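Have a look at the structure below, then the notes.
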Amino acid sequence: MKVPISWLKEYVDFDASPEELANKLTFSGTEVESIQTIGGDYKGVVVGEIKTIEKHAGADNLLICQVNNGREDLQVVCGARNFNVGDKAPFAMVGAKLPNGMEILERKVRGVLSRGMLCAEDELALSDDHGGIMLVSRDIPAGTPFSEVAGPPETVFGIEITWNRPDCLSIIGMAREIAALFGTKLKLPSVDFMERGEPVDVMAEVDLQDAEGCPRYTARVLTDIRLKPSPQWMQRRLTLCGVRPINNVVDITNYVLLECGQPLHAFDYELLRDHKIIVRRGFSGERMSTLDGVERQTLDKAVLIADPVRPVALAGIMGGAGSEINDNTRNVLLESAYFNPPDIRRTSSKLGLSTESSYRFERGVDIGGVDWASRRAAALMVEHADAVAAQGVIDVYPGKQENRKIKCRFSRVRSVLGVDVPDEQIVGIMKFLELQVAGHEKDHCIVEVPTFRPDLQIEADLVEEVARINGLDKVAAVVPQAKVVVDADDSVTRAVIACRSNLTGLGLMEIMNYSFLSEQLLNAVSTVDIDSRVVLPNPVSSDYSVMRNSLIPHMVDTLGRNLAHQVDNAALFEIGKVFLKAADSSISEENHICVGLMGKAGRVGLSQRRPVVSEEIFLWIKGIVESLAAAQHVDDVVFKTAEHAGMEKGWAAVIEAAGKPCGILGVVKPEIRKKWRMIEPIAIAEINAAVFVSNIFRQVQLKPIPVYPAVSRDVAMVVNESVRHEDVIKIIKKAAPRELTGVELFDIFRSEQIGACRKSMAYSLTYRSLERTLTDEDANRYHEAIKDALKNELKAEIREGK
Amino acid sequence: MTLDEIDKIKEEGLRECDAVKTLPELEAVRIKYIGRNGFLPQIMKGLKDVSPDERSEYGRIANEFKNRVGSALDLKKAELAAGGAANGESTFDYSMPGIWRGLGAKHPISSIIEETIRIFGRLGFTVAEGPDVETGYHNFEALNTPAHHPSLDNTDTFWLETGELLRTQTSPVQIRVMEGRKPPVRIITPGRCYRRDTTDATHSANFHQVEGLYVDRNVSLADLKGTLAYFAREMMGPGVDVRFRPHFFPFTEPSVEADFTCHVCGGKGCRVCKNSGWIEIAGAGMVDPRVFKKVGYDSEEFTGYAFGMGIERIAMIKYGINDIRFLYENDARFLQQFV
């Protein structure tokens, strides 16, 4: 909201620079976002009369003018064309310095001497308008200093008003705040005027059918109006507030809106059928055209102002076409009303139509000030539009209530704020804010809240008033004390933090993506999951239209985008929520962990040029999952071959913990990688975090450290390619005594000698007893048994010697 | 070869090994004792001539020969190699890059969240979390936000087909915690929030907040200021102070905005703080009695403060990140800097 300081000064006296005032307002809850100076001292700028206009021979878009500055004619080259001979405009003479810093020099423009400049509004810091030079009235003599025309420079605040303070959405509202801050009295303008016309209830009728949507409606009638421009001072104030002047009647309604925050509407009295106003709800299918020329169709249940035959205004939002002030208007019905905020909000948002008026009604105007605003506007119309005011007012206010009374306990104020505010100070603040102190007892006072403060409802609201007017700088920063809430449990969060630390310890970098993504990105990885997707009904854009049900698409995309930035190797992880829609449409959330590898991320040392093969990258990611599982104390993690829409066939495994699937890992399908131009394989794992964080705080139970030496024996064997490591392990474990404490695959090789479709696998087995030193014989006995089992069950050909 | 002879050769081998001074000398000893034509193959060959009774003993002695001499050679080799490097005889290039997998890095948003948890943890705050998909009741109504407040609009909030919404703030977690227990409550609630903002340098439709709530007997605005001042110094550095400006939030009364001294210029005014010396960090206030009423707390007996901060904003200010989009682009060249 724009607030010119000179306008404020009409209602409140204060002695402070704009900066001091801005500071005081900001620290009492009304944030001054900008301080703008409009205009300047205009030294060297006078009103110039354009005497002649010629074309510039050397440039099509320039004109050469002779401009009279009251003493002599000066030649000026000008780029604008919005003027004629005889027009008058602000003329900056040589030596003048404009508010925007521009200095006027005598210079040649395309070979023609120019001795000054005709100015546009933006050059004079009056507005942003650079559409042409500014024209002033031809009545002003040439040579008049422009400062006399423009008036002194103005300071205008840009103020942000919080949602709870509709009373501050006006100059008087701001002045009331300032009066409280400076401890002075608010001065309101007079609203007295002569009522020379007929009694108003003879001239018009109001039928309030919807007291819920419109708790108060007032109407005045003003006749014999002469439409003309409004007075200069009014136009200037409107302009400073960013409102374009139109004519005296419209300007007066806008002026009163800005002045006291009450939106008004002026109808052409003659265009209201039977001079009757009906306040009612719209029917289904009803339609009307608003002032902006738009046909509004969905008026069902909207509060409407109508005459007996048609709607004439969308209550509190915008007037209707066909009943508005026009060039022939002589008689006016002036509406000032209070509309129910939720109703205005609903209609405004449904129609996508927000106006200065709806903005205020939806926050709540001063129901008690409705008639004051009407009187103020009528008085101005009598004064500035030669209006004849009808006698009296139609004021329909069926549910008028007494002002709210709130008890304010002094000790409560002090204890909530932690500030020692004296009783008298509390009472004083209430009075400065124009709140009525109805009773003042030993330990409390009773505050009667005027209608312009709908936000003050309970004692806590009064505590806030004391806090902000007394000053929050009075609140000391008490040294904090640690306090323990003994039964609070945040182990899940701490487990996730530990998980994150473990993943970074494994050399992975954490990424973070949005919770929503595009349908295309999801589809790029998989379409089998469509039913489980949560689609946003109102996304910001199609790029963010579906909640993610897997972290894999974002991971692929992240790897791909990094590759496009010439980042060839990456080891990334993300911990984040996924959102799943069940068959009954209910939505569940799961925390997932996703790991992604690209390039030589798992290779240390030299040999960085050797391309990565699928087997290598698969085993890296499996190693990460195994390491993480170990660090998080997840027991019995096994990997089983699986199929997955995003993974290459044969290169995917489901991760199981304690017999239940909890994730997937694998090498991403080439046709998916291709979309990001990824040539080398990438590997991704996705795990349900709940399973992986649930054991992390399990106590370690120390096992005895072995005291007897271990004996190790190797076994190398040739087997068919179809034999898997897990098969070998299973057989070894079955045949092994409890003294077998370790099995390690240490070599695999293939050669012509071994034969096609066969491979040699070499394992190192460790035997150890907790009770005694094993002899070679013991070890040999165990080892032979295992070798026999391998021979029998896998048809393994044991390679003797080594 | 007799067992005694083997032992004797072994002892000799160990002595010779001990005496050598250079790697070539050591290699000669290795060839002599365990090389292809050295003693060891001879000893092994002798096994077949031993009577079955003595075979096992012979085997043991032979094995011992192999192990003892072998390890003596290894140890000496290591010793000479190390000594050689020290004497400048080695051609080893110590300047080669080290080989060990490096550490990864946490995302700056995670780092700020974890740091915040740590700081408030020292004051006895524990973490509470809640769902991203919330009810309108928890996100708005229970927080004293009237149904016609503009933040409920489709233009501001992501409503879902189920009638639920993506939470616009972490404050609903306060409600869930208070519904579940009696005071005292001392929690912080980090989490992800959503608003229908068009993404630009300072706005993101998906962002993180951390909210704090303390409800107990005799909690005051001064306690809130002290707690935030402690956080400010721990997070931003010593000398960082806090000031309050009045503001409005539906769920606190009084409501304040908390500014921290600009840690870049120390409050003198710079580009980061737009010459004000202060940076707006948190929204806060005393819990509105109307909120307590919703969760069944007695606002006469208990008071409480609540505060909320944007994690991205803190990360941006603390690390000098000038565009919020960097935080979600996941460019490895950006993330790498937080190792």
Side-chain angles (χ1 to χ4, degrees), chain A residues 26-29 162-164 341-342 345 349 362 415-418 458 460-461 463-464 467-468 472 475-480 482-485 488 490 493 497 500 503-505 507-515 534 536-538 540 544 558 562 565 567 570 577 579 585-587 589 604-605, chain B residues 99-107 109-110 114 122-124 126-127 129 131-133 147-149 153-154 158-162 164 184 186 192 196 198 205-206 218 220-223 225-227 229-230 242 244-248 253-254 256 286 288-289 303 327-328 330-333 335-336:
Chain A
T26 295
F27 283 91
S28 61
T162 53
W163 192 79
N164 60 325
R345 176 82 206 157
S349 109
E362 68 189 30
S415 71
V416 169
L417 297 184
I458 59 174
D461 300 322
V463 174
E464 175 168 80
R468 62 185 194 87
L472 288 171
V475 179
V478 171
V479 177
K483 278 204 177 131
V484 175
V485 177
D490 56 6
T493 308
I497 291 173
R500 185 179 292 119
L503 285 161
T504 56
L508 306 174
M509 279 198 306
E510 187 182 19
I511 60 169
M512 215 173 263
N513 282 292
Y514 277 11
S515 295
V534 178
L536 291 179
N538 60 336
V540 218
Y544 307 122
T558 303
N562 272 292
H565 292 143
V567 176
K577 281 184 180 171
F579 302 82
S585 291
S586 65
I587 301 167
E589 298 176 20
V604 293
Chain B
I99 299 178
W100 197 259
R101 189 183 314 286
L103 286 173
K106 290 183 182 178
H107 193 279
I109 290 176
S110 293
E114 291 187 9
R122 287 172 63 176
L123 295 177
T126 48
V127 181
E129 297 188 83
D132 291 21
V133 175
H148 68 287
H149 191 279
D153 268 12
N154 254 330
F158 292 104
W159 290 92
L160 301 171
E161 272 161 5
T162 55
E164 294 162 297
R186 200 164 166 88
R192 192 170 270 212
R196 282 194 82 255
T198 305
N206 173 135
N218 302 317
S220 77
L221 198 61
D223 295 320
K225 202 175 198 178
T227 302
Y230 173 77
V242 168
F244 280 173
R245 279 177 293 112
H247 200 69
F248 168 71
E253 194 75 46
V256 302
M286 300 303 292
D288 195 305
T303 49
L327 291 167
Y328 290 101
N330 299 308
D331 188 323
R333 297 164 300 178
L335 299 169
Q336 187 68 48

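These numbers come from the heavy atoms of this one structure, side chains and all, not from hydrogens, waters or symmetry mates. None of the values given here were measured: they were computed from a predicted structure.
Separating the CG atom in N206(B) from the CG atom in N513(A) is a distance of 9.0 Å, to the nearest 0.5 Å. The structure places CG of L160(B) at 8.5 Å from CG of N538(A), a figure rounded to the nearest 0.5 Å. Residue H148(B) holds its NE2 atom at 4.0 Å from CH2 of W163(A), rounded to the nearest 0.5 Å. To the nearest 0.5 Å, the span separating CG on L221(B) from CG on L417(A) amounts to 6.0 Å.
When side chains are defined from C-beta on, P254(B) does not count as touching L472(A), because their heavy atoms never get closer than 4.5 Å.
In this structure, the side-chain hydrogen bond (donor to acceptor under 3.5 Å, both in side chains) partners of E129(B), at least two apart in sequence or on a different chain, are T493(A). For E164(B), there are no salt bridge (Lys or Arg N to Asp or Glu O under 4.0 Å) partners two or more places apart in sequence or in a different chain.
Across all their heavy atoms, E253(B) and A460(A) have their closest contact at CG-O, 3.3 Å. Contact record, A205(B) with V540(A): CB-CG2, 3.9 Å, taken as the closest heavy-atom pair. The two residues F27(A) and R245(B) come nearest to each other via the heavy atoms CE2-CG, 3.3 Å. Closest approach of A482(A) to R186(B), counting heavy atoms only: CA-NH2, 4.0 Å.
Of the atoms belonging to R192(B), it is side-chain heavy atoms, and not backbone ones, that fall under 4.5 Å from chain A. Heavy atoms of V604(A) lying under 4.5 Å from chain B belong to its backbone as well as its side chain. Interface residue T162(B): only side-chain heavy atoms are found under 4.5 Å from chain A.
Proximity of a side-chain donor or acceptor of K225(B) to a complementary backbone N or O of V475(A) within less than 3.5 Å is detected. Remark: side-chain polar atoms of N562(A) are paired, donor with acceptor, to backbone N or O of A332(B) under 3.5 angstrom. Without hydrogens or angle criteria, E510(A) side chain to S110(B) main chain gives no donor-acceptor distance under 3.5 Å. Listed for the D132(B) side chain is no donor-acceptor partner under 3.5 Å among the backbone atoms of E589(A).
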